[in-house]
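Proteins get letters first, then strands, A, B, ... in listed order; numbering begins at 1 in each.
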Amino acid sequence: MGYDITMRVWRGDAGGGALQDYVVDVEEGEVVLDAVHRLQATQVGDLAVRWNCKAGKCGSCSAEINGRPRLMCMTRLSTFEAGETITVTPLRTFPVIRDLVTDVSYNYEKAKTLPAFAPVPRDADGNYRMAQVDVQRGQEFRKCIECFLCQTVCHVIRDHDDNKPAFSGPRMFLRYAELDMHPLDTNDRRRLAKDAAGLGMCNITKCCTEVCPENIKITDNAIIPLKERVVDRSYDPLVWLGSKIRRRDQRSEPPPTPPPTTR
Amino acid sequence: MTEQATSVGYERQAYDVVIVGAGGAGLRAAIAAHDAGARTAIVCKSLLGKAHTVMAEGGIAAAMGNVWPDDGWQVHFRDTMRGGKMLNNWRMAQLHAQESPDRVRELEEWGALFDRTPEGLISQRDFGGHRFARLAHVGDRTGLEMIRTLQQRAVALGIDVFMECTVTRVLLDQSGGEARVAGAFGYWRESGRFIVFDAPAVILATGGIGKSYKVTSNSWEYTGDGHTLALEAGARLLNMEFVQFHPTGMVWPPSVRGILVTESVRGDGGVLRNSEGRRFMFDAIPEFFKSETADSEEEADRWYNDKKANRRPPELLPRDEVARAINSEVKAGRGSPHGGVFLDIASRHDAEYIQRRLPSMYHQFKELADVDITAEPMEVGPTCHYVMGGVEVEPDTAQSGVPGLYAAGEVAGGMHGSNRLGGNSLSDLLVFGRRAGLNAAYYVGRVSRTGSRPQVDPEDVRRAADAALLPFDGVGDENPYAVQHDLQDVMHSLVGIVRRQDEMEEALVQIEKLRERVRRVTVEGHRQYNPGWHLALDLRNMLRVSECIARAALERTESRGGHTRDDYPMTDHDWATVNLVCRLADPSAGEAVEVVRQPLPQMPAELRSLFEEK
């Protein structure tokens with residue numbers, strides 16, 4: 001049942017590296033991560049690769065496969081043509097640590113700048129009540145497995161490190177949208193989304209939606225509605241006035257959380 | 001070696017409480033310790049948010065009574081004890097049943113979005129062994145929701161996280177006569193550099209041991225690190241013979257063998273059939289559960305809507321029973337083409353329902369096996385899923401026998417007895433994670449007030465560094481991946497679902513040979529992000545827990561829960577009150593694991609009375 005495939009895997013570190021060619025013995029039904037593991041177990045024991053669940057649930061094994069950002073554990077070898085060389089390279093938007101492992105701390109730093117969830121008080125019996133239809137919108141965004149494929153593909157930062165300080169990326173917009181639509185949350189983060197997170201720099205090319213392994217409609221369901229609400233707040237005096245008497249805006253908008261000292 | 005270790009030096013950090021592991025238990029412990037005022041750090045092998053909790057699917061068991069108002073902690077307690085074949089630590093099971101509803105509500109306060117009932121409350125679903133529908137859930141990705149909620153809470157609180165950092169030793173202060181925790185030693189995976197934490201309290205929240213088995217639902221991190229750290233620090237492990245094989249893992253294609261298929265499929269109405277189309281679970285109802293299990297398909301099907309007048313379908317027996325039954329069907333030649341059985345939900349519900357209730361299962365089978373679960377049955381078989389055994393702890397405080405050393409979650413033992421019910425793991429993580437965090441913080445408060453904070457012995461640090469670097473200094477030609485592969489084979493075939501004396505004795509011989517091979521492992525390359533090196537170090541832990549499992553399993557001459565003996569197929573009343581405990585004769589030097597018997601703590605009369613009705 002086994003057969004051989006040709007792989008090109010980027011090997012190196014922050015100082016530089018190159019694609020290396022390998023022939024790997026694989027089995028029917030296997031995925032790219034299986035091939036990388038076999039390579040590691042039989043040919044190059046120190047090949048660095050990040051992975052955890054191998055079931056598409058943790059979002060650790062992100063890489064660029066034939067130039068396309070994907071999860072290695074969810075990319076079946078049968079999707080390639082017979083004889084096709086499979087090229088695996090690290091995520092381009094983040095600095096390489098070693099081989100296929102990149103430094104994704106950018107994403108964790110951005111997450112720290114987002115003001116936390118701040119719920120309304122519970123009902124008198126100690127419960128919260130929410131309708132399924134209202135939680136469903138946020139649930140779509142909470143399917144996110146933080147694989148950061150949307151971040152790596154986003155052209156605002158993909159080849160523009162200089163934009164990183166001002167731009168939080170699709171993953172973080174998803175989080176802003178989720179909290180914005182959360183039935184219990186009281187914070188208003190619209191100004192932050194626009195100013196600190198750089199929502200305006202996104203010009204909705206939908207690259208993020210295309211690569212999302214969870215099929216979250218990042219652009220249509222999160223980013224565009226968020227942009228509309230930000231615009232409402234910024235430019236529409238009636239909405240602005242209306243917002244002053246709605247629950248969500250009873251709190252003044254909090255300042256960004258200073259990043260705690262964390263590694 | 002000595003020169004190398006001392007010349008590389010190490011980073012040093014000081015905290016009150018250091019938590020090893022960032023799954024549900026570790027994160028919940030960190031939040032509790034932080035809230036109690038302790039300087040808290042989380043150290044984890046992977047990136048934050050990737051821990052194994054993320055793979056939990058079905059839900060969090062908590063007797064909230066949102067769907068069935070008759071539910072309450074006493075019923076949950078009773079279900080848990082019976083599921084564990086009464087070998088659970090009663091106090092842990094009681095605390096767990098009493099506190100889990102509050103722990104679930106708390107998650108909601110931190111932003112979790114659970115599925116709702118029509119009244120807007122948290123929805124609860126059916127699961128094996130639970131009398132009422134009581135699993136709070138988010139589709140079939142509850143673990144992801146839980147870990148993200150806790151992760152975001154921990155980030156909002158500003159708790160320090162040391163990601164991709166592996167702890168290899170708990171450091172002790174032996175100066176006061178009694179050994180107590182002084183800190184922890186580890187290495188950064190990224191750079192290979194060493195790090196020493198000075199901390200009076202260490203909480204182990206490292207999860208389980210599944211990577212010692214060939215077919216497992218567990219991720220690479222599950223190498224028994226916490227179990228080994230505890231043993232080597234002088235703590236004891238309880239119930240190590242009990243390993244849970246989840247009845248439904250994927251069986252085909254080979255590359256996905258073992259990946260979990262959630263019990264929610266059965267909770268939502270899915271049924272198991274053999275190659276003859278028969279619902280064989282009706283033939284596998286044990287005496288212990290006869291009175292509460294349906295004996296006809298009609299009654300079983302009515303149960304989903306009327307739990308009072310009908311009994312539970314046998315597909316929802318506890319996991320040990322279902323796994324054994326599947327194993328027997330396959331052995332009897334009535335299995336599916338790829339050596340499993342059929343799990344069918346397609347004929348039970350329409351496609352819309354299945355996709356809404358089980359979106360990840362739909363996705364997983366579609367993407368990885370070309371199977372549309374809304375149209376055809378899945379092929380499933382048992383997969384190593386969970387270890388009931390773990391660090392022996394004081395139920396109320398989660399403290400081990402070593403002052404300052406705590407354990408919570410899968411790495412702790414006792415709570416689940418001989419078999420864990422589905423859904424009880426996530427609630428266990430929350431209940432005992434919180435208790436460990438609080439009590440570790442209180443302990444550090446007491447230590448600080450008496451002015452005698454423990455000190456790390458530099459000699460221990462040097463020894464830990466030497467041990468960590470040993471694989472680079474190897475003289476042999478052993479490859480760590482090959483040794484792991486062979487260990488998985490040994491445990492799978494000799495200490496698996498069904499066990500026999502001669503096979504387990506053979507396993508112990510093989511484990512000793514593997515240990516020899518580990519000494520000859522040589523890793524290529526350097527210390528920067530080197531998976532071969534990391535595996536070489538993890539292998540020692542895997543061998544240690546494998547030995548514990550085999551020794552305890554050999555000792556227990558009966559079948560109970562997650563321990564089935566071919567040569568002792570019956571449950572033996574004399575074993576009903578005995579726990580097996582593993583310890584190291586001399587933690588500082590000895591390699592040998594000893595197994596000793598100790599009496600199971602007996603529950604007070606008012607709890608015992610809960611088992612007398614019906």
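Residues A/A48 and B/Y529 share a closest heavy-atom pair of CB-O, 3.3 Å. Between B/V155 and A/A111 the shortest heavy-atom distance is CG1-O, 4.2 Å. Closest heavy-atom contact between A/C58 and B/V54: CB-CG1, 3.8 Å. Contact record, A/W51 with B/W220: O-NE1, 2.6 Å, taken as the closest heavy-atom pair.
Between the B/N479 side chain and the A/T42 main chain, no donor and acceptor come within less than 3.5 Å of each other. The backbone N or O of A/G45 sits less than 3.5 Å from a side-chain atom of B/E524, completing a donor-acceptor pair.
Looking only at heavy-atom pairs under 4.5 Å with chain A, the residue among B/R153, B/H534, B/H363 that has the most is B/H363. For the options A/M130, A/E30, A/K57, heavy-atom pairs under 4.5 Å to chain B are most numerous at A/M130. The candidate from B/L368, B/N218, B/L121, B/D102 with the greatest count of non-hydrogen atom pairs under 4.5 Å with chain A is B/L368. Of the listed residues (B/Q364, B/E57, B/R105), the one with the most heavy-atom contacts under 4.5 Å to chain A is B/R105. In terms of heavy-atom pairs under 4.5 Å with chain B, the best-connected choice from A/S105, A/S60, A/C73 is A/S60. Listed options B/M250, B/Q151, B/H485 were ranked by heavy-atom pairs under 4.5 angstrom with chain A; first place goes to B/Q151. The choice from B/E367, B/Q152, B/M55 that makes the most heavy-atom pairs within less than 4.5 Å of chain A is B/Q152. Looking only at heavy-atom pairs under 4.5 Å with chain B, the residue among A/I97, A/D34, A/D123 that has the most is A/I97. Between chain A and the options B/P359, B/P253, B/S46, B/S255, heavy-atom pairs under 4.5 Å are most frequent for B/S255. For chain B, the option among A/E214, A/M74, A/E178 with the highest count of heavy-atom pairs below 4.5 Å is A/M74. Counting heavy-atom pairs under 4.5 Å between each of A/K54, A/R129, A/Q136, A/R76 and chain B puts A/R76 at the top.
Residue B/A482 does not touch chain A at all, counting heavy-atom pairs closer than 4.5 Å. Contacts between A/A55 and chain B at a heavy-atom distance below 4.5 Å involve backbone atoms as well as side-chain atoms. Of the atoms belonging to A/R50, heavy atoms from both backbone and side chain fall under 4.5 Å from chain B. For chain A, no part of B/Y222 is nearby; none of its heavy atoms comes within less than 4.5 Å. Neither the backbone nor the side chain of B/Q484 comes within contact range of chain A, judged by heavy atoms closer than 4.5 Å. Both the backbone and the side chain of A/Q40 come within less than 4.5 Å of a heavy atom of chain B. With a threshold of 4.5 angstrom between heavy atoms, A/L47 approaches chain B through N, CA, C or O but not through any side-chain atom. Heavy atoms of B/S123 lying under 4.5 Å from chain A are absent altogether. Looking at B/L48, both its backbone and its side chain come within 4.5 Å of chain A, counting heavy atoms on both sides. In this structure, chain A has heavy atoms under 4.5 Å from both the backbone and the side chain of B/H526. The part of A/V101 that comes within reach of chain B is its side chain, from C-beta onward, which places non-hydrogen atoms under 4.5 angstrom from that chain. Proximity to chain B (any heavy atom under 4.5 Å) is restricted, for A/D13, to the side chain, taken from C-beta onward. For chain B, the nearby part of A/N127 is the side chain; its heavy atoms alone come within less than 4.5 Å. The part of A/V49 that comes within reach of chain B is its backbone (N, CA, C, O), which places non-hydrogen atoms under 4.5 angstrom from that chain. When heavy atoms are compared at a cutoff of 4.5 Å, B/W110 approaches chain A solely by way of its backbone atoms N, CA, C and O. Residue contact with chain B, scored on non-hydrogen atoms closer than 4.5 Å, involves the side chain of A/N215 exclusively. With a 4.5 Å cut-off on non-hydrogen atoms, A/P213 touches chain B through its backbone but not through its side chain.
Each of B/E221, B/H52, B/K50, B/K45 was compared with A/N52 under the side chain to side chain donor-acceptor pair (under 3.5 Å) criterion, and only B/E221 meets it.
Distance check, rounded to the nearest 0.5 Å: SG of A/C53 to CG of B/L260 gives 11.0 Å. Atom-to-atom distance recorded for B/R148:CZ and A/E146:CD is 4.0 Å, nearest 0.5 angstrom. Taking CD from A/E28 and CH2 from B/W252, the interatomic distance works out to 5.0 Å, rounded to the nearest 0.5 Å. Annotation: the span from A/L184 atom CG to B/L113 atom CG amounts to 7.5 Å, rounded to 0.5 Å. If you take OH on A/Y108 and CG on B/L47, they are separated by 4.0 Å, rounding to the nearest 0.5 Å.
With contacts defined as side-chain heavy-atom distances shorter than 4.5 Å, the pair B/D115/A/Q139 qualifies. Side-chain contact check for A/R142 versus B/T149: some heavy-atom pair is nearer than 4.5 Å.
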*Determine, stepwise, if the pair B/N530 / A/R98 fulfils side-chain contact (heavy atoms from CB on, under 4.5 Å).*
CA-CA 9 Å; B/N530 185 338; A/R98 190 176 173 202; 4.0 Å; yes
*For side-chain contact (heavy atoms from CB on, under 4.5 Å), just list the numbers for B/R116 and A/V135, CA-CA rounded to whole Å, side-chain angles, deciding distance to a tenth of an Å, and then say yes or no.*
CA-CA 8 Å; B/R116 317 307 295 183; A/V135 302; 3.9 Å; yes
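In summary, A/R122 and B/E109 engage in a salt bridge, as defined by a charged side-chain N under 4.0 Å from a carboxylate O.
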